[in-house]
Trainee: 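What follows is a single structure, and I will ask about it in a moment.
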2 protein chains.
Amino acid sequence: MLIKPAMNLEQVSPKKVSDFIFDRLEEAIILKEFMSDEQLPSERDLATIFNASRITVREALARLESLGLVEKRVGAKGGTFVLPITRNSHLRNRDEMRRNWDSMIEVFEYRMVVEPGAAYLAAQRIKKEELQQLRDYVTASIEPDCTREAFRSIDVRIHLSVAKASGNAYFDHAVRQIRTKINPALDLMPYSDRVKVNNYEAHRDLIAALEAGDADRSRDIMYRHIEHSAEAIRARVFADESFED
Amino acid sequence: MLIKPAMNLEQVSPKKVSDFIFDRLEEAIILKEFMSDEQLPSERDLATIFNASRITVREALARLESLGLVEKRVGAKGGTFVLPITRNSHLRNRDEMRRNWDSMIEVFEYRMVVEPGAAYLAAQRIKKEELQQLRDYVTASIEPDCTREAFRSIDVRIHLSVAKASGNAYFDHAVRQIRTKINPALDLMPYSDRVKVNNYEAHRDLIAALEAGDADRSRDIMYRHIEHSAEAIRARVFADESFED
DNA sequence: ATATAAGGTATAGACCTTAAACCATTCAAT
DNA sequence: ATTGAATGGTTTAAGGTCTATACCTTATAT
């Protein structure tokens, strides 16, 4: 009985403080915790928030700026401002999606397992306040004056809130990670009343199942919801160019 | 429609190269990639492997030593050697489990979702060589001369191999993470023929389902297998002290 | 004009990491 | 007993990262 230990040690490189700050701010922007044209906290405030020096914060901001995610303005009313996501910034275009389609599929596969699991747990534990917050999100998402970007932001928050309501840090973290990967793709999706209504109905039904404490139904609704989402992304990314919007 | 952005920026601290090296080596030891009394690569070799300086490697090893995970010996035939896991080393005892039971439950919940998901995918993709490797593991695990530690090591490798066979890096990483958390608890479990046979049968049935390409059955077998495992751990950790082995 | 609040810049010191060299210990071969 | 080889133990110099602090520049409101 000889079992060969599969030593598999990989090289490591240091992770600088500025790397962590960059990652967190990039994630916040992708998850639309900051909307377009919104101002990030000042460099001095970010330094306090992250418990880092201003120079280190500036290093992270410089990377965000070089990627076209933020823009700096000096003077009074100056600051660091989030730029609108354009089709060509930061690996967010369709060609990039096609080239990295295999890795997108990996994320989808993971999502199909993790998010329904989170919904299953959330149905058993979600609190009244969390349910109310979800209802408010869903109500806001269906209003006529809900812009495309607001709609996208609300969608993110609904899913992250469900993950949080699972009361399990692993699901919370995983859903965040998954969403950070797929949100650029979701931002490519068309925005129409039909899309709004489809999402509204799925979210509404999910909330009803969560409220009823029906874990199985919550899981199934979530599964179908994101299955539909994945299929829509696939269709969009591989659509004939002539249908480009 | 006012949606308040929930800015939630946490403090960060730098992650040193020696932290990464420590983490990786600790994981390797917990996952029994190195068995008791086995020698780690020399400091110079580890420095090459991790692309780090020897001093940095030594810092990581010093932490492992202070936790009682390894022991150093100087001179020819010297080196860094893995110590046997004792009940009192490194948060591995029963009291520690009880105190952190809530976080153990979190891991179990996550595991119940992730590992069946990995098995589901693996059934669709596993390669012949991977199946053969799994069969070899399972065969070795049931042999009469299979020691407790060898049995534990094989068990880990079976589950990690299934995750790898899913062909999805997210599942692979998650299962590794999960296993690193729960393996100390599994090491507390009693070792008997009954345990060996129960595990053998579960693993054997899983391999049969994987070989048949039956994703649903693979998922269900994995689910029941780890459900049983979680229940056994719970029973063990909260057993009356008088039944201590 | 001035005050203010933001980004832009500069310097010194602490800490981490690397590279290279050398020391100390042990065991096997001679 | 001597030597060689492989290991851990130690030292030093240089460079990079991060912090703390201070000061400069810009643009807007008053």
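In what follows, every chain begins at residue 1, and chains take the letters A, B, ... in the order their sequences are listed.
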Trainee: What's B/R73 touching, base or sugar-phosphate or nothing? Going by heavy atoms closer than 4.0 Å.
Mentor: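 Sugar-phosphate, backbone atoms only, no base.
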
Trainee: For B/L61 and D/dT10, what is the distance between atoms CG and C1' respectively, to the nearest whole Å?
Mentor: 16 Å

Trainee: Taking NZ from A/K72 and P from C/dG7, how many angstroms apart are they, rounded to a whole number?
Mentor: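 Answer to the nearest Å: 7 Å.
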
Trainee: Looking only at the side chains, is there a donor atom on one of B/N183 and B/R152 sitting less than 3.5 Å from an acceptor on the other?
Mentor: yes

Trainee: Atom CZ of A/F81 and atom C1' of C/dG7: how far apart are they, to the nearest Å?
Mentor: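 Spelled out: CZ on A/F81 to C1' on C/dG7 is 11 Å.
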
Trainee: Within this structure, what is the CD-CD1 distance for the pair B/E149 and B/I154, rounded to the nearest 0.5 Å?
Mentor: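 Output value for this atom pair is 11.0 Å.
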
Trainee: Quick test of your reading of the model: are A/R24 and A/E33 salt-bridged, counting only N-O distances below 4.0 Å?
Mentor: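 Looking at A/E33 together with A/R24, the answer is yes, because their closest N to O distance falls below 4.0 Å.
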
Trainee: Output the distance between atom CD (A/E115) and atom CG (A/L160), rounded to the nearest 0.5 Å.
Mentor: 8.0 Å

Trainee: Take atom CG of A/L46 and atom P of C/dG8, then tell me their distance rounded to the nearest Å.
Mentor: 13 Å

Trainee: Between B/T80 and D/dT7, does any side-chain N or O lie under 4.0 Å from OP1 or OP2?
Mentor: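 Checking D/dT7 against B/T80, no side-chain N or O comes under 4.0 Å of OP1 or OP2.
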
Trainee: Please list, chain by chain and in numerical order, all residues satisfying ring pair (Phe, Tyr, Trp, His ring centres under 6.0 Å) with A/Y110, sequence neighbours excluded.
Mentor: B/Y170, B/F171

Trainee: Starting at the 5' end of nucleotides 23-30 of chain C, put B wherever the base has a protein heavy atom under 4.0 Å, S where only the sugar-phosphate does, and a dash everywhere else.
Mentor: --BBB---

Trainee: For A/F20, enumerate each residue passing the ring pair (Phe, Tyr, Trp, His ring centres under 6.0 Å) test, keeping only those at least two apart in sequence or located in another chain.
Mentor: none

Trainee: Mind listing the side-chain donor-acceptor pairs of residues 73-85 of chain A below 3.5 Å, one per line with the distance, residues two or more places apart or on another chain?
Mentor:
| unit_1 | atom_1 | unit_2 | atom_2 | d |
| --- | --- | --- | --- | --- |
| A/R73 | NE | A/E71 | OE1 | 3.2 |
| A/R73 | NH2 | A/E71 | OE1 | 3.4 |

Trainee: Going by an N to O cut-off under 4.0 Å, is there a salt bridge joining B/R176 and B/E27?
Mentor: yes

Trainee: Given axes from five pairs at either end, by how many degrees does the helix from C/dA1-D/dT30 to C/dT30-D/dA1 bend, rounded to 10°?
Mentor: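 Answer rounded to 10°: the end axes differ by 0°.
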
Trainee: When the distance from CZ of A/R58 to P of D/dA20 is rounded to whole Å, what number comes out?
Mentor: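 Value for this atom pair: 17 Å.
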
Trainee: Along nucleotides 12-18 of chain D, 5' to 3', which nucleotides get a B, which get an S, and which get a -, given that the test is a protein heavy-atom distance under 4.0 Å?
Mentor: B----SS

Trainee: Would you kindly say whether B/S153 and B/R157 are connected by a side-chain donor-acceptor distance under 3.5 Å?
Mentor: yes

Trainee: How far apart are the C-alpha atoms of A/R111 and A/R179, what are their side-chain angles, what is the distance that settles it, and do they pass the side-chain contact (heavy atoms from CB on, under 4.5 Å) test?
Mentor: CA-CA 9 Å; A/R111 189 186 189 205; A/R179 194 66 183 209; 3.1 Å; yes

Trainee: In whole Å, what is the span from the CD atom of B/E43 to the P atom of D/dT10?
Mentor: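 So the CD-P distance, B/E43 to D/dT10, works out to 10 Å.
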
Trainee: In whole angstrom, give the distance that lies between atom CZ of B/R54 and atom P of C/dC22.
Mentor: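 It is 14 Å, rounded to the nearest whole Å.
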
Trainee: Return yes if some donor-acceptor pair links the side-chain N/O of A/N100 with the main-chain N/O of A/E96 below 3.5 Å, else return no.
Mentor: yes

